[in-house]
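To start, the structure under review is shown below, and the notes come after it.
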Amino acid sequence: MAKKRNYGLRTSITVMVSAVVVLVLLVLYFIFRNQIIPQTRHALEDKAITIARTIALMPLVSEGLSEGRSKEIQAYTSKITRRNDILFVVVIDMKSIRYSHPDASKVGLPFAGGGQEAALRGEESISEGSGTLGRSLRAFVPVYDDRGHQLGVVVAGLSMERVQRLVRQNEWTIIAILVSGALLGAGGAVVLARRIKQMIFGMEPADISKLLQERSAMLQSTREGIIAIDQEARITILNVEAQRLLKAAGITGAAVNRPIADYWPELHLARVLVSGEGKQDQDLELGGISLLVNSLPVRVDGEITGAIATFRDKTELAVLAERLSGISVYADALRAGAHEFMNKLHVIMGMTHMGLYDELQQYILGTASNYQKEIGSITRQIKDPVLAGFLLGKLSRARESGIELLLAEDSYLPESADPQVIHELITIAGNLLDNAMEALKGFEGHGGSKKIELAFLYDEGRLLCRVQDNGPGIPSALREQIFVQGFSTKGEQRGIGLYLASKSVQKLQGHLQIAPGGGPGTTFIVDVPYAVKGGETE
């Protein structure tokens, strides 16, 4: 099967517009031909009959017919024939005898060609006929005397050859006009096709269709809610995710072509059109859903043609942030363990080179004993292996920083029935421990001793987590602000850890607070529900 040929947009527009122009011009040609050409003939007929009427009213003609004088009539009609550029003017009496003729020898002879019968009865008529001068278009007008008696007939004739020549001239004039129109139409089609091609950036319809389909697929598949407006602040785009989030917030109904101020007034997207300035990472509460919104103006050739807003549920973003935080905690634990292990290897290698084998044996036994004691203590008190491994990494990192991290002797954490809870606990404990270590950096108070105590206390479906340090503490004026995202006394790009810890506590439907007290340092207390795997108890 032959492959169907696809023509370009420019060619298609040129051909279609040209075809329409030609079709219209053909219709006009037949209209003009059926109207103007007959009008040309009628104009010649009117000319002939007007001349005949004028001559018939002349007293010289009526008197010449009544008195039988042809000489004056012959001279007059010859002059009229020359001045009006017609073929002949013939005057006949009631017996059809000529009183004038372009050929003077035909005067006095009967009229040839026929058609005068109606005129002899007093009726004007027009007809074609062949006479001594060839085929002609003739106008017959009766001649009357002063008393109304008919005396004869005036015949004015136009050559049919001339009539047809004038008709052909008018026809060719029409054709020339229509051909010129066709050429102009074709030229206009080419210019129009080129302009349209430029307006769509040289793309073909298939390319435009594919681009629109891809654009629609991208808009509908993105996890971000997207809403766009035009210059009149009317909604032009609302993707599936935006519809889902807005429906969950209680906003329903048709959106496209509606003013954004009527559909979602809290967004204030129309202000972006006026100001031309975008807004990044705005917190917006809508129907109980916390959204993170970014708004930007849409510019084309430097002019604002609309605005677009993207938004997402902050809960989902918090989940992603928590996962990233958990991964970073695991990575830090592994890094600290690897660093401590390398330090011990360096010690072993140095003692080996020095030949201190007895001391090396004691060092290895001591290190192994301490490590087993540390592991044994943690695994005995912390039954969840993931959290236990995490705490071992934190112990190594604390030693690396010159901080003594202790797990309270009465700590006990049974294995959780839900692995997700352990993940949240790692986020909570990890960020609280990191905050405590950060507070102890560069702190030399209390005899130079830097200590952090961590405790996990389980009791009848509740878990208490306590992180206590002997650092400088937190001023009372700041205790309400430290859980706000971005707030930090350590500089910019900080203030995330305690915010993530508080979000994880909220997710577990627990409580996070700073314990009151006048002692040194800070104590964070976390209380969350905790389901034990398999009904395990202490």
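Values below: all heavy atoms of this structure, side chains included; hydrogens, waters and symmetry mates excluded. The shown structure was predicted, so the numbers you read here are calculated from the model rather than taken from an experiment.
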Quick one: [atom1] on [X] to [atom2] on [Y], what's the gap to the nearest 0.5 Å?
| X | Y | atom1 | atom2 | value |
| --- | --- | --- | --- | --- |
| Leu292 | Leu284 | CG | CG | 10.0 Å |
| Ser416 | Ile422 | OG | CD1 | 4.5 Å |
| Thr77 | Met58 | OG1 | CE | 12.0 Å |
| Thr305 | Asp230 | OG1 | CG | 9.0 Å |
| Arg83 | Ser78 | CZ | OG | 12.0 Å |
| Leu269 | Ile229 | CG | CD1 | 4.0 Å |

message: Between Glu424 and Lys507, does any NZ, NE, NH1 or NH2 come within less than 4.0 Å of an OD or OE carboxylate oxygen?
response: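 A salt bridge is present here (some side-chain N lies under 4.0 Å from a carboxylate O).
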Taking every non-hydrogen atom, the tightest pair across [X] and [Y]:
| X | Y | result |
| --- | --- | --- |
| Leu500 | Thr427 | O-CG2, 4.3 Å |
| Val293 | Ala309 | CG1-CB, 4.4 Å |
| Leu137 | Glu45 | CD2-CG, 3.5 Å |
| Ile97 | Gly108 | CG2-O, 3.4 Å |
| Val141 | Ala52 | CG2-CB, 3.5 Å |
| Arg138 | Glu128 | NH2-O, 3.5 Å |

[X] vs [Y] side-chain heavy atoms within contact, under 4.5 Å:
| X | Y | result |
| --- | --- | --- |
| Val526 | His511 | no |
| Val505 | Ile428 | yes |
| Tyr99 | Val107 | no |
| Ile304 | Leu273 | yes |
| Tyr263 | Leu238 | yes |
| Leu60 | Ile73 | yes |
| Leu267 | Ile227 | yes |
| Val89 | Ile55 | yes |

message: Using the rule given for side-chain contact (heavy atoms from CB on, under 4.5 Å), can you reason through Met94 versus Leu65, listing the C-alpha separation, both sets of side-chain angles and the distance that settles it, and then say yes or no?
response: CA-CA 9 Å; Met94 297 301 292; Leu65 285 173; over 6 Å; no
message: Can you see whether Ser100 engages Gln74 through a side-chain donor-acceptor pair at a distance of less than 3.5 angstrom?
response: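 Absent: no donor and acceptor within the cut-off.
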- prompt: Do Gln116 and Ser96 have side-chain N/O donor and acceptor atoms under 3.5 Å apart?
  reply: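 A donor-acceptor contact under 3.5 Å links the two side chains.
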Is a side-chain N or O of [X] found less than 3.5 angstrom from the main chain of [Y], in a donor-acceptor match?
| X | Y | result |
| --- | --- | --- |
| Arg299 | Gly276 | yes |
| Asp434 | Leu498 | no |
| Arg98 | Pro110 | yes |
| Ser66 | Glu63 | yes |
| Gln150 | Asp145 | no |
| Glu117 | Gly115 | yes |
| Asn239 | Gly225 | no |

field: Phe311: partners by ring-ring contact (aromatic ring centres under 6.0 Å, His included), with sequence neighbours left out
entry: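 Phe311 satisfies ring-ring contact (aromatic ring centres under 6.0 Å, His included) with Trp264 only.
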field: Residue pair Glu124, Arg53: steps toward the salt bridge (Lys or Arg N to Asp or Glu O under 4.0 Å) verdict
entry: CA-CA 9 Å; Glu124 293 182 353; Arg53 286 172 179 169; 2.7 Å; yes
task: In sequence, state the C-alpha distance, the side-chain angles, and the governing distance for Ile49 and Ile126, and then conclude on side-chain contact (heavy atoms from CB on, under 4.5 Å).
output: CA-CA 8 Å; Ile49 201 164; Ile126 296 176; 4.2 Å; yes
Neighbour count above 12 (heavy atom, 6.0 Å) for Glu232 CD: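 No, not enclosed.
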message: Taking CD in Gln280 as the centre, count heavy atoms belonging to other residues, nucleotides or ligands within less than 6.0 Å. Is the count above 12?
response: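 Check passes, neighbour count above 12.
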task: Could you walk me through whether Leu296 and Val272 pass the side-chain contact (heavy atoms from CB on, under 4.5 Å) test, one step at a time?
output: CA-CA 7 Å; Leu296 290 171; Val272 179; 5.9 Å; no
- prompt: How would you list, by chain and number, every residue that makes a salt bridge (Lys or Arg N to Asp or Glu O under 4.0 Å) with Asp103, sequence neighbours excluded?
  reply: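 Here the qualifying residues are Lys106.
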task: Take Val153 and Asp93 through the test side-chain contact (heavy atoms from CB on, under 4.5 Å) and record every step on the way to the result.
output: CA-CA 6 Å; Val153 176; Asp93 60 12; over 6 Å; no
